[in-house]
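As the structure is a computational prediction, the values presented were derived from the model and not from experiment. In what follows, every chain begins at residue 1, and chains take the letters A, B, ... in the order their sequences are listed.
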Amino acid sequence: MTLTAAAASATDVLAPDAGAPARLRFEHVRKEFTVRGDRRRAPSTLVAVDDLSLDVAAGELVTVVGPSGCGKSTLLDLVAGLSTPTSGRILVDGREVTGPGLDRGIVFQQYALLPWRSAQRNVELGLEARGLPAPERRRVAREKLELVGLAGFEDRYPHELSGGMKQRVAIARALAFDPEVLLMDEPFAALDAQTREQLQDELLRIWRATGKTIVFITHGIEEAVYLGQRVVVLSGRPGRVRTVIDVDLPRGDELAGTDLRTDPRFVAHRHTVWEALHAPAGTPERTGGAA
Amino acid sequence: MTTTISRDAGPTAGPRTDPATDAIGVDAPAFADPPTLGRRNVLAVRGGSGRARRTGLVVLRSSLAFVAFFALWELAPRLGWVDPVFLPPLSTVLATFGGLVADGTLAEQVGTSLVRAVSGFAIAVSFAIPAGVLIGWNDRAAQYLSPFLEVLRNTAALALLPVFILVLGIGETSKIAIVVYACSFPILLSTITGVRTVDPLLVRSARSLGLGRVALFTKVVLPAAVPTVFTGVRMAATASILVLIAAEMVGAKAGLGFYITYTQFNFQIPEMYAGILTIALVGVAVNTLLVTVERRLSRWRTA
Ligand SMILES: Nc1ncnc2c1ncn2[C@@H]1O[C@H](COP(=O)(O)OP(=O)(O)O)[C@@H](O)[C@H]1O
Ligand SMILES: [Mg+2]
C-alpha cells in the first residue's frame, strides 16, 4: 500500500534499516461490532474500523485525526489489547497483540483515576499488581510524577487536582512500567485551551526526554499538526486511513520562543490536513468496494 | 453509566437514585434521611460571613419546628384541645421518661431490643455482602437471581412474621430471623448494584495496567462499590429497628415494642409515650452513627 511507502520515507531518520519490523504495525485491521437489535429489528453488524494498515517506527510520535465516531477509540482499544480485531493483526515489535501488556501504556480522555487513591497510589496501581516491593513502587511513582511536573502533589486525591493535573497523573501512571509505546486517546480534549497548550508542550518534552513511541489520537487538526511527526487522517465510519501527512516543522531549540502555530509552514500543514479530512467520500485514497 | 466526573459532582446523588431505596423508604419514614440532608443543604447554600452566626442560624432554623411541635404538645392537653388522659402534656411525659431512665426500665427494654436488632443486622451483613459480591461479579448469577431477589425484597418482612413464628416459635430466634430477613435484601441488592455499576472506564484502565481478575476485583471493583454497598447497609439498619419493634409488639415478653403495647394495655399512657420517644431517639442515634461511618468510608467523594 502507499501508506507503507509514506511511513518509510517519513521516518528515515528515526526508523532502523528498512528490513527491521516497525515498533507498531497494523495489518489490514478490521473491527466489527454486533449492534443488538430491538424487538422489531434483527441484530446488525457495524464496521468501526476497516482494512487499516499502518507502520509506526520506534520513537515516533504519530497523531491520528478523524471525525467523531470514525473508530479512533476502537483502534486504541485494539492496540491496548482490551479488544481483539475481527480480522487482521496488530504487532508490537513483531509480536502479535493478544491482550493487555506492559509494553503499552494508555492514557484515556476521562483520566480514569481511582478517586479513592492519592496521585502517588494511582501511579502505583499497576506496579502493585505486578508485586513490586513497596519501597520500589514508591520510588518509581515519585520519579514518574516528577517527570510529569507533579513533584509535591503525591498525596493529593484526584478531586483535589485540576483537570490538567489529573491528566498528568494519568500520564505518569501509563509511564510507570516504562512501556515502549504510549497510546493516548484524546487526552487533552476535556481541558481548557491554555492548559491544553501547556500539556502539549509538556508531552513533547516528555517524548524527547524518554524517546517513547507515541500514538496520539485527537479530533483537533491543530493539535495533530502541532504534536505529530506524521498525521494519520482517518475517513468517516468505517475508519480507514485516508492519507498520511508528514509534518516537517522546526522543533525544540530551532523554535526559540516563536509561536509555531503562526508559522506559515504550520498553517500550510494544518490546511493540508483540513482538506484531507473534508475531502468528499470516494477520493482516490479511499479504496471503494466493501460499503 | 457513571463516569468519574459525575461521581465527583454528586456525592449525595448516588444513594438517592439507587433502585433499592424506594421499598425501604415506604417502610421507614420515621428514620429516613431528610433532616440530615436538609441541614447539609443549608450549610452548602449559605456562603459568606461569620461562621458562628451561620451555625446559629442553622440551629435556629432546624429547631424551629421542634419548638413549635413541643409547644403544641404541651399546650393542647393543658388548654383542653385534646383529652390529657390520651395525650398527656409533654412535661408529664418527660417526667415519666426521667423516672424510667433513672430506674433502669428503659435501659433494659432498649438493651433487649438492641441485642436482637444488632444480632440480626450483623448476621445479615456478614452473609449478604459476600453473597452480593459473588452474584454481582458473575453475570450469569445476577441475571438468574435478580428478579427472584427483587420479589423477595418486595415481600414485606412483617407479612412473613406469622410464618417465622410458626416455624421458629415465639422466642428470640424468630425475632432475630425476621430482622435478618429484613436486613438482607437492601444489603444484597445494593451490593449487587455496586459491583455491577463500577465505571467501565476504571476497569478498562486497570486492565491496561496489567491487573488480573483478582487484583481488578480487590483494588478497583470492591472499593468503587463501597459507597453503594453502604447505602444498603444504612437502609438495613433502619429496617432492622422498625421490623423488630413491630415484631415485639405482636409477640414478645421484653423489648421496646413489647413495652409500648404493654403500657397501652395497662393504661400507663405517659409510660407509653416515653417508650415512643425512646424509639425516636434510638432511630436518630443509629442513623447518625451510620452517616458518620459512611462519611469516613467515602471521604474521597466529597470535595
Ligand atoms: N462496544 C461497542 N459496541 C457497539 N458499537 C460500538 C462499540 N464501541 C464503539 N462502537 C461504535 O463504533 C463506532 C466508532 O466508535 P469510536 O471508536 O468510539 O469512535 P471515535 O473514538 O472515533 O469517536 C461508533 O459508531 C460507535 O458507536
Ligand atoms: Mg473516542
Side-chain angles (χ1 to χ4, degrees), chain A residues 73 76-83 97 99-119 121-132 156-163 166-167 169-177 179 181-185 187 190, chain B residues 1-15 40 44 133 139 143 191 194-195 197-231 233 293-303:
Chain A
S73 298
L76 180 121
D77 268 21
L78 293 172
V79 186
L82 295 171
S83 59
V97 170
L102 302 176
D103 51 352
R104 286 148 286 150
I106 301 172
V107 179
F108 298 94
Q109 181 187 332
Q110 304 93 336
Y111 321 124
L113 301 177
L114 302 181
W116 57 89
R117 281 181 171 235
S118 64
R121 302 254 301 129
N122 261 290
V123 178
E124 286 181 22
L125 179 65
L127 305 168
E128 266 170 46
R130 208 64 203 296
L132 238 70
R156 296 281 193 95
Y157 283 82
H159 73 257
E160 301 171 314
L161 297 170
S162 69
K166 280 187 233 189
Q167 202 52 290
V169 176
I171 294 172
R173 182 177 65 179
L175 290 172
F177 285 111
V181 181
L182 187 60
L183 306 162
M184 308 178 84
D185 189 5
Chain B
M1 245 177 256
T2 3
T3 66
T4 16
I5 297 157
S6 73
R7 210 170 271 208
D8 285 349
T12 53
R40 214 181 291 158
V133 162
D139 280 342
Q143 278 162 13
T191 306
V195 169
T197 55
V198 172
D199 187 350
L201 180 67
L202 291 186
V203 174
R204 287 204 306 153
S205 85
R207 278 183 57 206
S208 78
L209 287 166
L211 271 70
R213 226 173 129 78
V214 175
L216 188 64
F217 193 66
T218 55
K219 290 179 194 297
V220 180
V221 176
L222 274 190
V226 164
T228 318
V229 172
F230 208 82
T231 308
V233 169
V293 176
E294 188 172 20
R295 288 238 181 96
R296 260 296 135 104
L297 283 178
S298 50
R299 214 170 345 192
W300 48 269
R301 295 215 295 177
T302 40

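Proximity to chain B is limited to the side chain of A:Leu102, based on heavy atoms less than 4.5 angstrom apart.
Pairing each heavy atom of B:Ser208 with each of A:Ile106, the nearest pair is CB-CD1, 3.5 Å. Between A:Leu125 and B:Ala206, the shortest heavy-atom distance links the atoms CD2-CB, 4.5 Å. The heavy-atom pair separating B:Val220 from A:Trp116 by the smallest distance is O-CH2, 3.4 Å.
The environment of CZ in B:Arg204 is crowded: more than 12 heavy-atom neighbours from other residues, nucleotides or ligands sit within 6.0 Å.
Atom CZ in A:Arg104 sits 12.0 Å away from atom CG in B:Leu209 (nearest 0.5 Å). Considering CG of B:Leu202 and OH of A:Tyr111, their distance stands at 14.0 Å, rounded to 0.5 Å.
In this structure, B:Ser205 and A:Arg173 have side chains that are in contact, with non-hydrogen atoms separated by less than 4.5 Å. Considering only heavy atoms from C-beta on, B:Lys219 stays 4.5 Å or farther from A:Leu114 through its side chain.
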